[in-house]
**Student:** 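Have a look at the structure that comes next, please.
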Amino acid sequence: MSTMQVYKGLDGIYVDESSICEIDGDRGELYYCGINVKDLARNGTFEETAYLLWHGRLPTQKELDAFSYRLIRNREIPKSLYKFLILFPEDASPIDFMKTAVSYMSSVDKSHEDQSIEAQRRRSNELLARLPLLVAAFHRSRNGHNMIESSRKLGHAANLLYIITGEKPEPEAARALDRYLILLAEHGLNASTFSARVTSSTQSDFFSGVASALGTLKGPLHGGANEDVMKLLLKIEELENVKPVVEDMLAEGKRIPGFGHRVYKVEDPRSVALREFNEEFHSHTRGYHWYDMAKKVEEVVRSKPKFQEKNLYPNVDFYSAPLLYSVGIPLDLFTPMFAVARAAGYSAHLIEQYKNNRLIRPRESYVGPRNLPYVPIDEREEVETQPSY
Ligand SMILES: CC(C)(COP(=O)(O)OP(=O)(O)OC[C@H]1O[C@@H](n2cnc3c(N)ncnc32)[C@H](O)[C@@H]1OP(=O)(O)O)[C@@H](O)C(=O)NCCC(=O)NCCS
């Protein structure tokens with residue numbers, strides 16, 4: 001019998017020190033390199049946020065201009081990737097395409113032997129610039145539309161909307177998406193960032209680290225939840241259906257997407273900020289429908305004793321859903337939007353891991369049988385038929 005203490009899901013375990021992100025799960029606060037994320041999202045831009053995460057401080061105007069210029073210059077994907085795009089099934093999930101395309105970037109990285117921090121920052125900039133293009137290329141190609149050339153005049157969020165929808169976005173929509181990207185840019189050692197760090201801790205390359213992260217992000221317990229929230233809102237359709245639909249789900253023992261968090265025991269600060277930004281954006285568009293419905297879902301869900309007793313509040317994915325949908329992001333591009341944002345955080349963590357690496361290799365406590373003999377195959381007893389794979 002093992003006597004090891006097991007921390008299933010690594011719940012509450014600290015595996016390293018980091019200067020990137022601080023989460024106060026009891027007070028519901030989140031800081032990027034010491035700056036409250038709500039201040040950043042109200043006042044800053046995604047470009048500034050990425051710079052902050054990679055350098056540990058906000059840029060000066062001159063630094064930001066140079067950084068943004070490089071980001072714009074990097075808005076192109078290797079031509080050979082288009083061949084890949086054609087081969088990909090049209091009904092594939094867009095996040096699968098992103099993951100595969102990022103993995104391919106390892107093979108076309110001409111300076112792959114350069115593992116300096118400067119080279120990792122250069123790759124980070126390329127990644128940030130290219131992910132929107134990958135999402136847009138996949139989305140437009142499956143709909144039989146040509147790829148839109150990026151605008152050098154638009155910032156990151158505005159250009160992202162432009163190349164997906166083909167229309168120059170309203171400033172309010174671009175600002176709402178920019179704020180979403182800032183809020184989602186980083187969140188400590190969440191499952192996908194941890195995957196990235198595990199991969200890079202073997203001294204594997206930068207893009208392999210990001211590909212690992214994207215595979216992890218895809219799951220419904222992580223980055224897939226924003227899409228599930230919107231599916232729920234679409235299924236509910238009208239305000240009067242909220243209560244019966246939610247109560248049916250709970251009676252069937254289903255989880256409500258967009259509620260609960262491993263770290264926050266009070267409301268997720270990003271959810272608080274997203275409520276404010278939804279409010280602001282929808283006061284401009286006057287299209288409150290999905291946001292109103294989300295608020296009603298929250299009211300019904302939070303009135304349930306289980307959600308109060310277990311501190312299950314809306315998380316970042318909950319109010320992301322009406323915001324993304326209302327600015328014009330197609331439903332199955334919600335998780336890719338999360339990836340576009342979190343790429344800033346993945347890059348910061350990869351840079352930090354390469355700077356001070358130690359192979360990540362936890363252990364497990366063995367609970368299986370011990371000291372069994374090797375039985376020759378013709379002496380083994382018949383057991384219930386097992387599948388032959
Ligand atoms: C985020 C999440 C995975 C955190 O999981 P966790 O810390 O491992 O918490 P657990 O799965 O142990 O859940 C603890 C309890 O709360 C309940 N719970 C957690 N989230 C719930 C939800 N969204 N709806 C209903 N019940 C929920 C569980 O059923 C469990 O109840 P029990 O103790 O009676 O069995 C979980 O809250 C969840 O599945 N949320 C929905 C998906 C989601 O929004 N993911 C995005 C996260 S940012």
Side-chain angles (χ1 to χ4, degrees), residues 6-14 21 23-26 28-30 37 41 95 180-195 213-236 242-275 293-325 331-332 334-342 345-346:
V6 172
Y7 299 91
K8 210 161 160 62
L10 295 180
D11 200 348
I13 297 298
Y14 290 76
C21 173
I23 306 172
D24 186 334
D26 297 324
E29 295 294 353
L30 170 64
V37 75
I95 191 80
Y180 165 85
L181 295 177
I182 295 169
L183 291 174
L184 274 282
E186 160 59 13
H187 208 232
L189 268 198
N190 55 86
S192 54
T193 303
F194 188 55
S195 298
L214 295 181
T216 308
L217 183 72
K218 183 182 165 190
L221 296 188
H222 192 4
N226 53 11
E227 199 176 314
D228 290 342
V229 173
M230 196 61 224
K231 282 185 189 152
L232 175 61
L233 298 180
L234 290 166
K235 178 179 157 192
I236 293 173
V242 169
K243 201 159 183 281
V245 172
V246 166
E247 287 183 347
D248 278 357
M249 283 179 79
L250 293 176
E252 288 167 26
K254 289 187 182 150
R255 289 189 175 208
I256 309 294
F259 281 82
H261 199 276
R262 177 62 69 81
V263 181
Y264 293 114
K265 299 306 161 212
V266 292
E267 188 173 0
D268 185 330
R270 300 165 301 172
S271 159
V272 176
L274 280 163
R275 213 189 270 109
M293 196 117 82
K295 281 196 292 185
K296 184 73 186 164
V297 171
E298 181 188 358
E299 185 193 312
V300 172
V301 168
R302 285 289 304 152
S303 71
K304 305 293 166 198
K306 173 178 174 178
F307 282 75
Q308 291 167 20
E309 285 153 21
K310 294 191 184 284
N311 297 326
L312 299 170
Y313 292 90
N315 58 45
V316 68
D317 291 309
F318 190 68
Y319 283 107
S320 293
L323 191 82
L324 290 176
Y325 202 71
L331 184 58
D332 69 350
F334 279 25
T335 308
M337 287 303 109
F338 193 148
V340 165
R342 191 55 60 83
Y346 295 151

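Ligands are counted one by one from 1 in listed order, and the atoms in each one are counted from 1 as well. Quick caveat, the model's predicted, so the values are computed rather than measured. The residues of the chain are indexed from 1 along the displayed sequence.
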**Student:** Among protein heavy atoms, which sits nearest to atom 42 (C) of ligand 1, and what does the distance come to when rounded to 0.1 Å?
**Tutor:** Pro220 O, 3.9 Å
**Student:** So which protein heavy atom does atom 5 (O) of ligand 1 come closest to, and at what separation?
**Tutor:** Arg255 NH1, 4.3 Å
**Student:** What is the nearest protein non-hydrogen atom to atom 7 (O) of ligand 1, stated with its residue, atom name and distance?
**Tutor:** Arg262 NE, 2.8 Å
**Student:** Under 4.0 angstrom from atom 40 (N) of ligand 1, is there any protein heavy atom?
**Tutor:** yes
**Student:** Within a distance under 4.0 Å of any heavy atom of Ala225, pick out the atoms of ligand 1 and give their elements.
**Tutor:** 43 (C), 44 (O), 45 (N), 46 (C)
**Student:** What are the atoms of ligand 1, with element, lying closer than 4.0 Å to any heavy atom of Lys310?
**Tutor:** 15 (C), 16 (O), 31 (O), 32 (P), 33 (O), 34 (O)
**Student:** Output the list of atoms in ligand 1 that are nearer than 4.0 Å to some heavy atom of Asp317, sorted by atom number.
**Tutor:** 46 (C), 47 (C), 48 (S)
**Student:** Thinking salt bridges, do Glu298 and Lys295 make one under a 4.0 Å N-O criterion?
**Tutor:** no
**Student:** Write out the residue and atom name of the closest protein heavy atom to atom 1 (C) of ligand 1, then the distance separating them to 0.1 Å.
**Tutor:** Gly260 O, 3.7 Å
**Student:** Evaluate the side-chain proximity of Lys310 to Phe259: yes if any heavy-atom separation is below 4.5 Å, no if none is.
**Tutor:** no
**Student:** Short list, please: which atoms of ligand 1 are under 4.0 Å from a heavy atom of Leu221?
**Tutor:** 39 (O), 45 (N), 46 (C), 47 (C)
**Student:** Just distances here: any N/O of Gly258 and N/O of ligand 1 closer than 3.5 Å?
**Tutor:** yes
**Student:** Tell me if a side-chain donor or acceptor on Lys254 pairs with a main-chain N or O of Ala251 at a distance below 3.5 Å.
**Tutor:** no
**Student:** With only distance considered, is Ile256 within less than 3.5 Å of ligand 1 through an N or O on each side?
**Tutor:** yes
**Student:** Please identify which atoms of ligand 1 are closer than 4.0 Å to at least one heavy atom of Lys306.
**Tutor:** 17 (C), 26 (N), 29 (O), 31 (O)
**Student:** Of all the heavy-atom pairs spanning Val246 and Val301, show the shortest one and how long it is.
**Tutor:** CG1-CG2, 3.7 Å
**Student:** If only side-chain N and O atoms count, and only distance matters, is there a donor-acceptor pair under 3.5 Å linking Thr193 with Asn190?
**Tutor:** yes
**Student:** Is atom NZ of Lys243 surrounded by more than 12 heavy atoms (other residues, nucleotides or ligands) closer than 6.0 Å?
**Tutor:** no
**Student:** Testing the 3.5 Å rule here: is there a donor-acceptor pair between the side chains of Ser195 and Thr216?
**Tutor:** yes
**Student:** With a 4.0 Å cut-off, would you call Glu267 and Arg275 a salt bridge?
**Tutor:** yes
**Student:** Can you find a protein heavy atom closer to atom 23 (N) of ligand 1 than 4.0 Å?
**Tutor:** yes
**Student:** Return yes if a side-chain donor-acceptor contact under 3.5 Å exists between Tyr346 and Ser192, otherwise no.
**Tutor:** yes
**Student:** Give the atoms of ligand 1, by number and element, whose distance to some non-hydrogen atom of Phe307 is under 4.0 Å.
**Tutor:** 24 (N), 25 (C)
**Student:** Compute the shortest N/O to N/O distance between Phe259 and ligand 1 and return yes if it is under 3.5 Å, no if not.
**Tutor:** yes
**Student:** What pair of heavy atoms forms the shortest contact from Ala41 to Leu183, and how long is it?
**Tutor:** CB-CD2, 3.8 Å
**Student:** With a 6.0 Å cut-off on the ring centroids, do His187 and Tyr264 count as close?
**Tutor:** yes
**Student:** Under 4.0 Å from a heavy atom of His222: which atoms of ligand 1 are those, numbered in the order shown and with their elements?
**Tutor:** 46 (C)
**Student:** Return the closest protein heavy atom for atom 27 (C) of ligand 1 as residue, atom name and distance.
**Tutor:** Leu312 CD1, 3.6 Å
**Student:** Any protein heavy atom lying closer than 4.0 Å to atom 14 (C) of ligand 1?
**Tutor:** no
